2 protein chains.
Amino acid sequence: MTPDKQRPLRADAERNRRLIMDTADRLFAERGAVATLNEIAREAGVGVGTVYRRFPDLQALVDTLFTERFTTFLALAAAAEEHADPGQALRHYLLEAAQWRAGDRALDVILAHADLDARPLAGMRDELGRHVDGLVERAVAAGAVREDFASADVYAYLYMVGAVVDRTHDIAPDAWRRYAEVLMVGFGLEQAPTARTSAMTDAQIRLTWPSPSARLPAD
Amino acid sequence: MTPDKQRPLRADAERNRRLIMDTADRLFAERGAVATLNEIAREAGVGVGTVYRRFPDLQALVDTLFTERFTTFLALAAAAEEHADPGQALRHYLLEAAQWRAGDRALDVILAHADLDARPLAGMRDELGRHVDGLVERAVAAGAVREDFASADVYAYLYMVGAVVDRTHDIAPDAWRRYAEVLMVGFGLEQAPTARTSAMTDAQIRLTWPSPSARLPAD
DNA sequence: ACGCAAGCGGATAAATTTATCCGCTTAGTG
DNA sequence: CACTAAGCGGATAAATTTATCCGCTTGCGT
């Protein structure tokens with residue numbers, strides 16, 4: 001067993017590492033697409049070598065960025081479990097998770113390139129799975145949701161809300177709330193269709209259609 | 001005004017054009033991502049020049065492929081309007097549209113690269129808009145759906161079902177039906193949560209998480 | 001069956017992306 | 001302070017992608 005007791009990075013190296021991650025993050029958010037490691041280096045004001053030394057390729061950088069975020073995401077699930085009422089707990093989680101998804105501009109890019117089977121991510125995925133299973137089991141047992149509601153529905157919900165978020169970021173930042181509500185009603189988690197958020201206008205929807213300009217935003 | 005009366009292509013050229021389009025389609029479907037024009041040429045067994053002569057760049061090819069498909073999509077909307085019952089008409093359209101989305105493996109790739117503002121596509125988009133507006137107005141007037149239901153909700157529905165479809169193509173080809181139903185219930189378009197399609201298993205959901213292998217499928 | 005506009009193929013140029021190597025600099029220990 | 005392991009930068013090589021050009025071939029109207 002090789003003792004991979006890797007000592008901490010030198011202060012300047014750690015500083016650069018952070019700078020590279022923050023720059024990548026900003027770049028991903030600004031353009032809605034990944035940037036090359038060379039671009040990130042230029043933008044961060046460090047040499048390419050410095051980037052490649054720390055992140056062998058784009059995948060490594062993306063996975064690192066995602067690992068950091070995933071920690072927050074896990075915390076949300078843990079926090080939701082605090083609720084005494086199982087229905088509230090699940091509702092709360094679904095709303096917080098969607099909000100997290102909506103509040104992070106770089107996240108869709110990162111998700112599109114992450115590798116959940118890669119090392120520390122796989123463990124976090126499994127831990128998340130346990131939290132979600134718990135939330136779902138309790139809510140179903142309490143009759144707070146359709147009796148056939150399953151963990152898979154939570155992930156599907158996130159995929160669906162994510163799809164709306166990705167297309168409405170810049171157009172109607174709160175549009176996702178309407179569909180989060182619709183889904184919860186559909187899942188029997190909420191009774192009244194209260195329509196807290198109204199539908200997008202035709203002009204707004206128009207902007208969500210596929211177009212190259214929607215893919216390379218600021219310049 | 002230049003009379004761009006472009007005479008039909010020579011028979012062999014037309015044949016090649018079709019071959020290129022079909023090959024691109026197949027490649028997109030197989031790999032879940034766009035291929036380069038040179039790859040398409042090689043796979044189709046024609047010279048690169050032949051491809052570039054007909055399609056100046058990838059965008060042109062994608063837009064052409066999408067235009068063809070969009071015709072089908074418009075026909076669905078027109079057919080749905082036949083229903084005497086406005087609720088049935090809308091329900092029927094939502095289901096048919098989702099099914100169309102689910103039944104075409106190359107479609108998500110094409111959608112991700114299409115340019116709806118480009119010429120004949122813009123006109124088709126507007127025509128679709130008129131059909132959808134009609135379906136929605138009639139359904140709302142008849143009280144078959146939530147009174148605040150809007151055209152934007154139809155597009156959002158498609159984005160959401162599309163998100164599920166894209167991740168479950170190869171894993172559970174019918175999974176989207178469950179969420180189409182959930183959304184319809186949430187929109188007040190259907191009363192009973194009948195759960196015709198059950199949720200995916202944990203193992204299936206696992207396969208929908210982001211991973212590079214999910215992006216380059218067969219090899 | 002002739003003639004030629006239209007079409008074809010694919011070598012190759014240009015641009016972009018990806019990644020390495022190595023001489024110079026510096027943080028941090030003693 | 002001095003020494004050295006760790007880190008830095010960026011020129012440049014390798015791989016990939018994108019696109020053009022032009023000599024040869026062929027469909028098809030007469």
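Every value quoted in this text rests on a predicted model; they were computed, and no experiment measured them.
Residue pairs that meet the side-chain hydrogen bond (donor to acceptor under 3.5 Å, both in side chains) test with at least one member in residues 151-163 of chain A, sequence neighbours left out, are A:D133-A:S151, A:D153-B:R178, A:D153-B:Y179, A:Y159-B:T208. For residues 197-214 of chain B, the pairs satisfying salt bridge (charged side-chain N to carboxylate O under 4.0 Å, His left out) are A:D126-B:R206, with sequence neighbours left out.
Ring geometry, B:Y93 versus B:F73: the interplanar angle falls from 30° to 60°, so the pair is classed tilted.
None of A:T64, A:V51, A:D22 except one satisfies the side-chain contact (heavy atoms from CB on, under 4.5 Å) rule with A:R17; the exception is A:T64.
If you take OG1 on B:T67 and CG on B:L121, they are separated by 3.5 Å, rounding to the nearest 0.5 Å. Taken from CG in A:L95 to CZ in A:R177, the straight-line distance is 6.5 Å, to the nearest 0.5 Å.
Summarising the geometry, the separation between CG on B:L37 and P on D:dT20 is reported as 11 Å, rounded to the nearest angstrom. In this structure, B:F55 atom CZ and D:dT20 atom C1' are separated by 18 Å, rounded to whole Å. Rounding to whole angstrom units, CD1 of residue B:I20 and C1' of C:dG7 are separated by 12 Å.
Closest to the side chain of B:A13, from the set C:dG7, D:dG9, C:dT20, is C:dG7. Closest to the side chain of A:R53, out of C:dA19, D:dC8, D:dA19, is D:dC8.
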Table please: side-chain donor-acceptor pairs of residues 37-46 of chain B below 3.5 Å, with sequence neighbours left out.
unit_1, atom_1, unit_2, atom_2, d
B:N38, OD1, B:Y52, OH, 3.3
B:E39, OE1, B:T36, N, 2.8
B:E39, OE1, B:T36, OG1, 3.3
B:E39, OE2, B:R31, NH2, 3.2
B:E43, OE2, B:R26, NH2, 3.3

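Side-chain N/O atoms of A:R54 include one lying less than 4.0 angstrom from OP1 or OP2 on D:dC8. In terms of phosphate contacts, B:N16 brings no side-chain nitrogen or oxygen within less than 4.0 Å of OP1 or OP2 of C:dG7.
Among the protein residues, A:R42 comes within range of no part of the nucleic acid, since none of its heavy atoms lies under 4.0 Å from any strand.
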For this session: Heavy atoms under 4.0 Å is the rule here; annotate nucleotides 25-30 of chain C 5' to 3' with B where the base is hit, S where only the sugar-phosphate is, and - elsewhere.
Result: -BSS--

Seminar exercise, completed: With B for base contact, S for sugar-phosphate-only contact and - for none (protein heavy atoms under 4.0 Å), nucleotides 11-17 of chain D reads B------

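Between B:F55 and B:V62 there is no side-chain heavy-atom pair separated by less than 4.5 Å.
Annotation: side chain to side chain contact (heavy atoms under 4.5 Å, CB included) contacts of A:T71 (sequence neighbours excluded): A:M124.
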